[in-house]
Amino acid sequence: MSVRVRFAPSPTGHVHIGNIRAAIFNWLFARHCGGKFLLRIEDTDRERSTPEACSSLMDAIDWLGLAADEPPLYQSSRRDSHLLAAEKLLQQGQAYRKPEAAGNGPGAVVFRIPYETDRIPFIREAGPAELNVHPDEPVTVSAEGITFAQVSRKGKPMPAGCCLAGAKNLKIFAADICLFDLAEHMAEITQGAAFSLEKADKISFLRREVVFEDTVKGLLAKPLDGVKDLVIVRSDGNPVFHLANVCDDAFQQITHIIRGDDHVENTFRHLLLFNALGFAAPVYAHLPMIVNAAGKPYSKRDGDAYVGDFRNRGFCADALFNYLSLLGWSPGDDREKMTRAEMIELFTQERVKSAAAQMDVKKLTHLNWMYLSEMESGEFCRNVWQALAGCPWRPPAEDDDYFRKVCGLMQSRANVFSDAAEWLYFFDENAPVDQAALDKQLARQGVKEALHALARLLDECNFSEEALAAALRAAEVAAGLGEGKLNQPARIAVTGTTRGAGIYETMAVMGRERVMQRLRHTLELTQ
RNA sequence: GCGCCCAUCGUCUAUCGGAUAGGACACAAGGUUUUCAUCCUUGUAAGCGGGGUUCGACUCCCCGUGGGCGCGCCA
């Protein structure tokens, strides 16, 4: 069977890097196996799902090049099918209706964790179990499960309970006298009878557990006495996530579910749902979380954890993709910067780690710098132009020859596209000046004279790099300065900053008019 | 409270019982350079603690500790 995986976000708010990393891993796995990568929009939460969130989600997916192999499936369009599945479970006795508290209207539909598990291969017996219960609270037993109170460390009753299946062969004791034996009352309970036992102090049962092999976390087990029956259709008639999720994974014929490990606990119940619905269960792989610089999980409140933010901050999609792929995964050798083809070839779920990874923006920035410096110059220009959209100033035009030259000169120095905001001096004669640095340079013996001499020499200069260098040398000689001593003063006088590309190249790119204007302006102000 | 999961330099990671625990980012020092960036050298820096198993443990097991997740008619 060919591999089919999916990314199934819910369109509430912006897409989080943790989510998109899950998408990346799914995508890589699908490509690695020659399988299909699908997209499913889980928009069943009508109150929180918005069209804006949907389009921002699509933007992020497009931007990162995570194209799906089939049209996206909107979960809300499958509502009837979900309800049909619930109806089927109801008819088969694998689900029941919870009575509505107010007594009006049909109650929520609840999936019953199956009591008979002989035919369910992923459930195994884990041996007999005993639990002390608090005698002040009754132990109740019905087809909907059992409830009781555990004894806290301080001797207080703590409410607890589980599905009926969690307590196979349940016996309830008071002072070692058996008050109730589930085996004797099974028929009545199936008919709807409920029991309440007072003053019990101990229960015993056969513990069973759900077991599955997670591709990244290994063998995972969960005792059924830690599981409750789960609502699959709300009393308002809407299907719940668990039902919709399982139905749609079956509908889309998903073979592998790769998702965040916050879903591990759901998996035990989803496995049961797949089984009850008659579907083969997919293979599961749970990805470790990505945490923020404080080592805490990213919450919706972390303003810098959205995919769009990284784009706005000037990161390129390939660099972010590459960086995110390295969070919780590595190819096994020392490779870090990889092409997509390499990542696809090397990606296996077995190499995914199971410990949480912390996001390091500095390392991302470094990777981004590498991507930017290797980028085709036209593409670099286009991106810089876009990054400048939010800037108060803009170069004349994206395809402007001068703008392209500036980009070419500065490309290797850019960490992120938005670093271009500091290139203002190329475009605006009134760009800000680092006054302290300027004063410091001009205070040096002979510098002012040299700059005046330079201004005169530049009148005769053809503005090639060689000629500019020669002019600077000549001005130094005329003012009695050592070789190279005029470079920094000239840079500040012309660009207003102490840093940038080589000053000869910079002046050559800027050209006579801009350089002379800026230089004369500086000299006038410092008479 | 109960259940499940996780644990190597500050950070991301390599190591699938066997040599001085390797790489990258960051940081520090030095060199190159026309400032900055680059580039080159070098350096600081790690197996959470305690028990086992073993000739040998970062690696396997147990107990602690710390962290995360889950325990909804949210997804």
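Here the structure is a predicted model, which is why all the values come from computation and not from measurement. Lettering follows sequence order; numbering is per chain, from 1.
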Check salt bridge (Lys or Arg N to Asp or Glu O under 4.0 Å) between [X] and all other residues, then give those that pass, not counting sequence neighbours.
X: Lys217(A); answer: Asp261(A)
X: Asp45(A); answer: Arg48(A)
X: Arg473(A); answer: Glu476(A)
X: Lys168(A); answer: none

Under 3.5 Å for both donor-acceptor distances, Watson-Crick or wobble: does [N] have a partner, and if so which one?
N: U59(B); value: none
N: A19(B); value: none
N: C27(B); value: G43(B)
N: C4(B); value: G68(B)
N: U38(B); value: none

Suppose you measure atom [atom1] in [N] against the same atom in [M]; what distance do you get, rounded to whole Å?
N: G10(B); M: C5(B); atom1: P; result: 28 Å
N: G47(B); M: U11(B); atom1: P; result: 12 Å
N: A37(B); M: G64(B); atom1: C1'; result: 50 Å
N: C63(B); M: C4(B); atom1: P; result: 11 Å
N: A75(B); M: G70(B); atom1: C1'; result: 14 Å
N: G56(B); M: A19(B); atom1: P; result: 15 Å
N: A7(B); M: C62(B); atom1: P; result: 14 Å

Are Lys296(A) and G67(B) close enough that a side-chain N or O sits under 4.0 Å from OP1 or OP2?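 No, Lys296(A) has no side-chain N/O under 4.0 Å of OP1/OP2 on G67(B).
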Check this one for me: any side-chain N or O of Arg234(A) less than 4.0 Å away from OP1 or OP2 of C74(B)? yes
Report yes or no: is the cationic atom of Arg207(A) (NZ for Lys, CZ for Arg) closer than 6.0 Å to the six-membered ring centre of Phe205(A), at no more than 45° off its axis?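 Relative to the ring axis of Phe205(A), which defines the angle, Arg207(A) lies outside at least one limit.
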Is there any protein nitrogen or oxygen under 3.5 Å from a nitrogen or oxygen in nucleotides 1-3 of chain B, and what are the pairs?
| residue | atom | partner | partner atom | Å |
| --- | --- | --- | --- | --- |
| G3(B) | O2' | Lys222(A) | NZ | 3.1 |
| G3(B) | N2 | Glu265(A) | OE2 | 3.0 |

For the residue pair Phe212(A) and His286(A), does the interplanar ring angle fall in the parallel (under 30°), tilted (30 to 60°) or perpendicular (over 60°) class? perpendicular
Between Val211(A) and Ala221(A), what is the shortest heavy-atom contact and its length? CG2-CB, 4.2 Å
Which residues pass the ring-ring contact (aromatic ring centres under 6.0 Å, His included) test with Tyr371(A), sequence neighbours left out? none
Take the protein atom [atom1] of [X] and the nucleotide atom [atom2] of [N], then report the distance between them rounded to whole Å.
X: His263(A); N: C74(B); atom1: NE2; atom2: C1'; answer: 11 Å
X: Phe268(A); N: C69(B); atom1: CZ; atom2: C1'; answer: 12 Å
X: Arg269(A); N: G72(B); atom1: CZ; atom2: P; answer: 8 Å
X: Leu83(A); N: C73(B); atom1: CG; atom2: P; answer: 17 Å

With rounding to the nearest 0.5 Å, note down the distance linking [atom1] in [X] to [atom2] in [Y].
X: Leu220(A); Y: Glu209(A); atom1: CG; atom2: CD; value: 11.0 Å
X: Thr495(A); Y: Arg514(A); atom1: OG1; atom2: CZ; value: 14.0 Å
X: Phe321(A); Y: Leu326(A); atom1: CZ; atom2: CG; value: 11.0 Å
X: Asn292(A); Y: Asp360(A); atom1: CG; atom2: CG; value: 12.5 Å

Does [X] reach a base, just sugar-phosphate, or nothing at all? Heavy atoms under 4.0 Å.
X: His286(A); result: nothing
X: Asn238(A); result: nothing
X: Val264(A); result: nothing
X: Leu230(A); result: nothing

Tell me which pairs pass side chain to side chain donor-acceptor pair (under 3.5 Å) where either residue lies in residues 236-251 of chain A, with sequence neighbours left out. Arg6(A)-Asp249(A), Arg40(A)-Asp249(A), Glu42(A)-Asn245(A), Gln75(A)-Asp248(A), Arg78(A)-Asp248(A), Arg79(A)-Asn238(A), His82(A)-Asp248(A), Asp236(A)-Asn238(A), His242(A)-His270(A)
For residues 481-494 of chain A, the salt bridge (Lys or Arg N to Asp or Glu O under 4.0 Å) pairs (sequence neighbours left out) are none
Please tabulate, for side-chain N and O atoms in residues 415-426 of chain A, each donor-acceptor pair with protein atoms closer than 3.5 Å (sequence neighbours left out).
| residue | atom | partner | partner atom | Å |
| --- | --- | --- | --- | --- |
| Ser418(A) | OG | Arg313(A) | O | 2.8 |
| Asp419(A) | OD2 | Asn415(A) | N | 2.8 |
| Asp419(A) | OD2 | Val416(A) | N | 3.4 |

Please pick, from C6(B), C71(B), A75(B), the nucleotide with the shortest atom-to-atom distance to any side-chain atom of Lys228(A).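 Ranking C6(B), C71(B), A75(B) by closest atom to the Lys228(A) side chain puts C71(B) first.
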Closest approach to the side chain of Ser354(A), judged atom by atom: which nucleotide of C6(B), G70(B), C73(B) is it? C6(B)
Just by protein heavy atoms under 4.0 Å, how would nucleotides 9-17 of chain B read 5' to 3' in B, S and -? --SBSSS--
Short N/O separations, protein against nucleotides 35-41 of chain B, under 3.5 angstrom:
| residue | atom | partner | partner atom | Å |
| --- | --- | --- | --- | --- |
| U35(B) | O4' | Gln488(A) | OE1 | 3.1 |
| U35(B) | O2' | Gln488(A) | NE2 | 3.2 |
| U35(B) | O2' | Thr498(A) | O | 2.9 |
| U35(B) | O2 | Arg491(A) | NE | 3.4 |
| U35(B) | O2 | Thr498(A) | O | 3.1 |
| U35(B) | O2 | Gly500(A) | N | 3.1 |
| U35(B) | N3 | Arg491(A) | NH2 | 2.9 |
| U35(B) | N3 | Gly500(A) | O | 2.6 |
| U35(B) | O4 | Gly500(A) | O | 3.2 |
| U35(B) | O4 | Ala501(A) | O | 3.2 |
| U35(B) | O4 | Gly502(A) | N | 2.9 |
| C36(B) | O2' | Arg499(A) | NE | 3.4 |
| C36(B) | O2' | Arg499(A) | NH2 | 3.2 |
| C36(B) | O2 | Arg413(A) | NE | 2.8 |
| C36(B) | O2 | Gly500(A) | O | 3.1 |
| C36(B) | N3 | Arg413(A) | NE | 3.3 |
| C36(B) | N3 | Arg413(A) | NH2 | 2.5 |
| C36(B) | N3 | Gly500(A) | O | 3.3 |
| C36(B) | N4 | Arg413(A) | NH2 | 3.1 |

Under 3.5 Å between N/O atoms: give me all the protein pairs with nucleotides 46-50 of chain B, atom names plus distance.
none

From Ser76(A), Ser77(A), Ser49(A), residue fulfilling side chain to side chain donor-acceptor pair (under 3.5 Å) relative to Asp43(A): Ser76(A)
Select from Glu505(A) and His242(A) the residue whose nearest nucleotide in RNA chain B is closer to the 5' end of that strand. Glu505(A)
